[in-house]
Amino acid sequence: MDAAAFKRWLKATMGLDAEAVGPGVVERAIAGRMRALGIAEAEAYWRRLQAQPLEQQELIEAVVVPETWFFRGVEAFDALARAFAPRLAEPGAAPLRLLSLPCSTGEEPYTLAMALLDAGWPPQRLRIDAYDISERALAKAGHAVYGANSFRGGDLRYRDRHFRALGHGRWQLSDAVRGCVRLHRANVLAIDFLPEAASFDAVFCRNLLIYFDQDTQVRAVGVLARALAADGLLFVGAAETGLLLSLGYASAQIPMAAAFRNQRGAPVPAPAPPQPWRAPALAPLPAAAARPRPFAAAATALAARPAPASPPAPAADDSLPQARRLADNGDFAQAERLCQAHLRAHGPNAEALCLLGVIYGADGADARAEDAFRKALYLQPDHAESLMHLALLLDAKGDAAGARLMRQRAARHRDRNT
């Protein structure tokens, strides 16, 4: 018995595209579980998997590889605080409701709490719901003790404000931050997931959709649409922006934040929410029907916005951020000119070429977008954003094998850095 049946089961159960997580990941997970159980034959393990829900969760745990840290993609958290600052000043306004999915080991939802507390929000006005399919990840999130891998980047002042050093490189998160977050175990594809409609002011779903095939991506985005308030913000990963544009979302025009607004109409209501998940007790610690086109809809979604009037030429070092801002505002021609000027001034580099590819794709020039992404990958073969954008582009033109190869390359790079 080969792994194909297990891969189909994982796809049906949790939406996982086995090819997207990298070659051999599912096979290694199966082999590990068989060793743990003392089972020699795959058929016998398959029977165990079908009969025991606990073993089903164990296999899911074995293929879920979290990669997260505090303030990952800090621009998104800054954008969130700025977007809702006017509401903070409104007396008697309803609490701010936020969703983090998947929340993994808790770094993202706790970052949401820290960013807003630092912006002046009182804890009683924050309600952050965090969901994940992994019991182990949620147990760590509930314990809220973190090591060096969760703290990256040069600015760690937030750690001094919100954590207590335990020694041996471990840090305990404060009760004030933990109290803002409610943890839930759930599967985004479950029929009763997120039954409460149109309630979240902002949804963070970053780098989940890239692990799904195209049909599952569309299904998952539909779930998020139901959860998002009519004027809410949806934050995704950089490699998922093309997908959101193709499904009718519009850029929120917040540079570098990958934030979108839903322009497709009211979400569909449904019945009562699930009960919050509670972390298990842990041992004491020493003293934590047509194929969508990812880029073509961007021209419709963005070009209708008025282009900024003759922006001043930025300094050389600011040219790429300025190009992103122009593209967000629908001024693709000026954004392209800035990228080309940057390339002439600084020589070929993957970041500029990837941004140029995004601009071409948003303007409907798919062939030029593909060429730019491939040039970026020639210079930097493991450039993750180019790999995932190119995968979406290849999917759109029907090259499933090519798209799968790009996702495998991205997964191998991610595995080397975890």
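Each residue takes its place number in the sequence, starting with 1. The structure displayed is predicted, hence computed values, not measured ones.
Across Cys354 and Phe373, no two heavy atoms sit closer than the pair O-CE2, 3.3 Å. Heavy atoms only, all atoms of each residue included: Ala220 and Leu209 are closest at CB-CD2, 3.8 Å. When all heavy atoms are compared, the tightest approach of Leu356 to Ala372 is C-CB, 4.3 Å. Listed here is the closest heavy atom pair of Leu208 and Glu240: N-OE2, 3.1 Å. The minimum heavy-atom distance between Thr241 and Ala258, with the atom names listed, is CG2-CB, 3.9 Å. Taking every heavy atom of both residues into account, Ile359 and Ala335 meet most closely at CD1-CB, 3.6 Å.
Here Ser319 contributes atom OG and Leu338 contributes atom CG; the two are 6.5 Å apart, rounded to the nearest 0.5 Å.
Between the side chains of Arg337 and Gln334, a donor-acceptor pair is found at a separation under 3.5 Å.
Residues Arg368 and Glu336 are paired through a salt bridge, judged by an N-O separation under 4.0 Å between the basic side chain and the carboxylate. Note on Arg206 versus Glu108: salt bridge recorded, some NZ/NE/NH1/NH2 to OD/OE distance being below 4.0 Å. For the pair Asp371 and Lys375, the salt-bridge criterion is met [side-chain N within less than 4.0 Å of a carboxylate O].
For Asp129, the side chain to side chain donor-acceptor pair (under 3.5 Å) criterion is met by Arg97, Arg182, His184, not counting sequence neighbours. Remark: Phe70 pairs with Tyr146, Phe151, Phe163 by the ring-ring contact (aromatic ring centres under 6.0 Å, His included) rule, at least two apart or across chains.
The salt bridge (Lys or Arg N to Asp or Glu O under 4.0 Å) analysis of residues 48-58, with sequence neighbours excluded, yields the pairs Arg33-Glu55, Arg33-Glu58, Glu58-Arg136.
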